[in-house]
> 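Next up is a structure, given as C-alpha cells.
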Protein chains: 2
Amino acid sequence: MYELFFEKLAEKIALTPGQQDIIKRYLIPKKIRKNQYLLQEGDVARHAAFVEKGALRAYSVDEKGAEHIIQFAFEGWTISDMYSFMTGNPATYNIDALEDSELVLISTNAQEEILKQIPEYEAYIRLQVTGAYMAMQKRITSMLSLSLEERYINLIKLYPNLIQRVPQRMIASYMGLTPETLSRVRRKIKNK
Amino acid sequence: MYELFFEKLAEKIALTPGQQDIIKRYLIPKKIRKNQYLLQEGDVARHAAFVEKGALRAYSVDEKGAEHIIQFAFEGWTISDMYSFMTGNPATYNIDALEDSELVLISTNAQEEILKQIPEYEAYIRLQVTGAYMAMQKRITSMLSLSLEERYINLIKLYPNLIQRVPQRMIASYMGLTPETLSRVRRKIKNK
DNA sequence: ACTGCAGCTTGACAATTGTCAATGCATTTT
DNA sequence: AAAATGCATTGACAATTGTCAAGCTGCAGT
C-alpha cells in the first residue's frame with residue numbers, strides 16, 4: 001500500500017524504513033468513484049490528495065455555470081485546493097474524480113506532525129510545490145505566446161495520455177476554449 | 001542593509017541574530033539600472049533576486065519578436081527563472097529592470113549552503129514558492145473564467161500601484177492582450 | 001524652448017473565437 | 001432491438017480581439 005506515494009517520495013528525499021513507517025501512520029487511504037466529489041467549493045480543504053491510481057480534476061464554476069479546469073491529476077500527482085489547505089479558508093475550487101480512483105490523503109494536521117518528526121519532509125514538499133509552480137508558469141507562457149494549434153500540440157506532447165483519459169470538452173475547458181473551437185483546432189491540425 | 005529581506009524572512013520563520021549573520025554572509029547586494037538585464041534567455045540563472053527597491057519583469061520573446069510578461073517583481077518579491085535556477089539549464093525568460101533597483105542575490109550554491117546550515121530556511125522557501133504558486137493559480141483562473149474588464153479591474157485591485165509604475169502596454173502584455181485592446185477595455189470601464 | 005520619440009488612443013477593417021442549432025455517432029438504458 | 005443520452009463535429013452568424021495606420025500628448029534630450 002502507498003507504493004507509488006513512497007516511490008515518488010524516494011525520488012526527492014532519502015528516508016529510512018523507520019521514517020517511512022512514521023509517515024505511514026498519518027496517511028489515510030481513500031477510494032473514490034468516478035464523478036464523486038473529493039472537495040466542493042465552499043468547504044474547507046482539510047487534505048491534500050496523492051493519486052495512487054485514477055484521475056481527478058480541480059475546477060471552478062462561473063456565474064453562468066461554466067466549468068473551468070485549473071488542474072488535472074493522474075497517478076503520482078497531488079491535488080488539493082492549496083489556498084484552502086494552507087489557510088483554512090473555504091475552497092474556491094471543486095475537485096472530483098474522472099475515473100474510479102485510489103487516493104492517499106494527508107490532512108493539515110498530519111502534514112504538520114510529519115514535518116515536526118521528519119524535517120526532511122519539508123524539502124519534499126518544497127520540491128513538489130516548485131515543480132507545480134514551474135508547470136503552471138509554462139502553462140501561462142503557452143497561453144500568452146502560442147497559437148491555439150501550438151498550445152494543443154504541446155499539451156498533447158506533454159501529456160500524451162490526456163486524450164485517452166479525458167473528454168475533449170474538458171481539455172477545451174483546461175485551455176480556456178469552447179469545445180467547438182477545440183474541435184476546429186484539431187481539424188486544422190489533422191489537415192496538415 | 002538587507003532590511004526588507006530579513007523583514008520578509010521574519011514573517012515566515014523565526015531566526016536568531018546569529019543565524020541571520022550566517023545568511024548575510026551568502027547574500028550579494030546588487031544595484032541595477034533601469035532597462036538593464038539581470039538575466040537573458042539562454043544564460044543560466046545562477047541567482048534568485050530579492051527586490052529591496054525598484055521593479056523588474058520576467059518575460060519571453062516569441063518568433064515575431066513580441067514580448068510576453070510572465071511576472072512583475074516589486075519590493076519584497078523574489079524573481080528568477082526558477083526552472084533554470086533549479087536545473088542549471090539555459091533560461092527561457094529574460095529579466096530586466098523597469099526602474100533603477102536594489103537587489104539581494106542568492107546564488108544556487110549560497111542557497112544550498114544556507115539550507116545545510118539553517119534547516120529552517122527550507123520552510124521559508126517552501127512558503128515563498130507556495131505563495132507564488134497560489135498567485136499563479138489565481139491568475140490562470142482569472143484568465144479562464146473572467147471577462148477582460150473583470151480581469152483588469154481585479155488586477156488593479158490586487159496591485160493598485162501597478163498602474164503608476166508600469167506602462168500600459170506591459171500590463172497588456174501581462175494579460176495576454178495587445179495595447180489597443182487594453183486601451184479599449186479601459187475606456188469601457190471608464191464609461192460606466 | 002524646441003525637437004523628437006515613445007506611449008496611449010482611436011478608427012476601419014480583418015481574423016479569430018464564441019454562440020446557437022443541427023447532425024451523427026457511440027454508449028447506456030429500457 | 002429501440003430509445004435515450006452524452007459527446008464530438010459542423011455550419012451560419014455574432015461578438016470579440018488583433019492588425020494597421022494615423023493622430024495626440026507628454027516627457028526627454030538637446
Side-chain angles (χ1 to χ4, degrees), chain A residues 33-36 55 57 59 61-69 72 96-100 140 142-156 161-192, chain B residues 33-36 55 57 59 61-69 72 96-100 140 142-156 161-192:
Chain A
R33 291 275 176 75
K34 181 172 176 173
N35 292 326
Q36 267 193 329
R57 61 170 182 161
Y59 61 98
V61 181
D62 66 24
E63 341 58 81
K64 293 177 191 164
E67 297 174 353
H68 303 278
I69 297 178
F72 292 112
D96 64 16
L98 303 176
E99 308 170 356
D100 293 353
I140 292 184
S142 158
M143 291 174 93
L144 293 179
S145 54
L146 300 181
S147 70
L148 293 189
E149 293 169 46
E150 291 171 313
R151 283 174 59 197
Y152 182 74
I153 290 169
N154 285 356
L155 182 64
I156 298 310
N161 56 348
L162 199 64
I163 278 192
Q164 335 295 336
R165 298 177 70 176
V166 173
Q168 306 294 348
R169 72 195 160 81
M170 290 193 188
I171 297 178
S173 166
Y174 181 85
M175 292 180 69
L177 306 176
T178 60
E180 292 94 333
T181 297
L182 180 58
S183 174
R184 283 167 188 133
V185 168
R186 283 160 48 81
R187 179 171 43 167
K188 265 200 195 172
I189 292 170
K190 203 167 187 177
N191 294 344
K192 280 190 179 167
Chain B
R33 289 277 177 73
K34 181 172 175 171
N35 293 326
Q36 265 192 332
R57 61 168 181 161
Y59 62 98
V61 181
D62 67 23
E63 341 59 81
K64 294 177 189 163
E67 297 174 353
H68 303 277
I69 297 178
F72 292 112
D96 64 16
L98 302 176
E99 308 170 356
D100 294 353
I140 292 184
S142 158
M143 291 174 93
L144 293 179
S145 54
L146 300 182
S147 70
L148 293 188
E149 292 169 46
E150 291 171 314
R151 284 174 58 196
Y152 182 74
I153 290 169
N154 285 355
L155 182 64
I156 297 311
N161 57 347
L162 198 64
I163 279 191
Q164 335 294 337
R165 298 177 70 176
V166 172
Q168 307 292 349
R169 71 195 161 79
M170 291 193 187
I171 296 179
S173 166
Y174 181 83
M175 292 180 69
L177 306 175
T178 60
E180 292 94 333
T181 297
L182 180 58
S183 173
R184 284 168 187 134
V185 168
R186 283 159 49 79
R187 179 172 40 168
K188 265 200 195 173
I189 293 170
K190 203 167 190 178
N191 295 344
K192 282 191 180 169

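The chains referred to below are lettered A, B, ... by the order of the sequence lines, with proteins before strands, and numbering in each begins at 1. No hydrogens, no waters, no symmetry mates; every other heavy atom, side chains included, goes into these values.
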> Rounding to a whole Å, what distance do you find between B/Q164:CD and C/dC8:P?
13 Å

> Output the rounded distance in Å from NZ (A/K188) to P (D/dT9).
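Answer to the nearest Å: 15 Å.
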
> Using atom CZ of A/R165 as one end and atom C1' of D/dC7 as the other, report the distance to the nearest whole Å.
19 Å

> CG/B/L162 to CD/B/Q168 distance, rounded to the nearest 0.5 angstrom?
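It comes to 9.0 Å.
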
> Nearest whole angstrom, please: distance from the P of D/dG18 to the CG of A/L146.
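Taking atom P of D/dG18 as the reference, CG of A/L146 is at 15 Å.
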
> B/L148 has a side chain; which of C/dT17, D/dT17, D/dA8 sits nearest to it?
D/dT17

> Nearest whole Å is fine: how far is C/dT17 P from A/Y152 OH?
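Computing the A/Y152:OH to C/dT17:P distance gives 16 Å.
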
> Which letter, B, S or -, goes with each nucleotide of nucleotides 21-30 of chain D from 5' to 3', with contact meaning a protein heavy atom under 4.0 Å?
----------

> Can you measure A/L177 atom CG to D/dT16 atom P for me and round it to whole angstrom units?
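Computing the A/L177:CG to D/dT16:P distance gives 17 Å.
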
> Between A/S183 and D/dA8, is there a contact of a side-chain N or O with OP1 or OP2 at under 4.0 Å?
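No, no such contact exists.
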
> Is any NZ, NE, NH1 or NH2 atom of the basic residue among A/E67 and A/R57 found under 4.0 Å from an Asp or Glu carboxylate oxygen of the other?
yes

> Taking A/D96 for the side chain and A/N35 for the main chain, is one N or O donor matched with an acceptor at less than 3.5 Å?
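No: the side chain of A/D96 does not pair with the backbone of A/N35.
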
> Is any side-chain N or O of A/R186 closer than 4.0 Å to OP1 or OP2 of D/dC7?
no

> Only one of B/I156, B/L148, B/I163, B/I171 passes side chain to side chain contact (heavy atoms under 4.5 Å, CB included) with B/R186; say which it is.
B/I163

> Rounded to the nearest 0.5 Å, what separation is found between the CD1 atom of B/I69 and the CD1 atom of A/I140?
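Going from the CD1 atom of B/I69 to the CD1 atom of A/I140 covers 13.0 Å.
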
> Mark yes or no for whether A/H68, through its side chain, and A/Y59, through its backbone, hold a donor-acceptor pair below 3.5 Å.
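Pair absent, no side-chain N/O of A/H68 close to backbone of A/Y59.
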
> Please confirm whether the backbone N or O of B/G65 pairs with a side-chain atom of B/D62, one donor and one acceptor, at under 3.5 Å?
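Indeed, once roles are kept as given, a pair shorter than 3.5 Å links the two residues.
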
> Please confirm whether the shortest side-chain N or O distance from A/T178 to OP1 or OP2 of C/dG18 is below 4.0 Å.
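So the side chain of A/T178 is within the cut-off, an N or O lying under 4.0 Å from OP1 or OP2 of C/dG18.
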
> Is there a donor and acceptor pair closer than 3.5 Å between the side chain of A/R184 and the base of D/dG11?
yes

> Let me know the distance between NZ of B/K190 and C1' of C/dT10, rounded to the nearest Å.
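Result: 14 Å.
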
> For a quick check of understanding: with a heavy-atom distance under 4.0 Å over all strands, which category does A/L182 fall into, base, sugar-phosphate or nothing?
nothing

> What's B/P167 touching, base or sugar-phosphate or nothing? Going by heavy atoms closer than 4.0 Å.
sugar-phosphate

> Rounded to whole angstrom units, what separation is found between the CD atom of A/E149 and the C1' atom of C/dT17?
13 Å

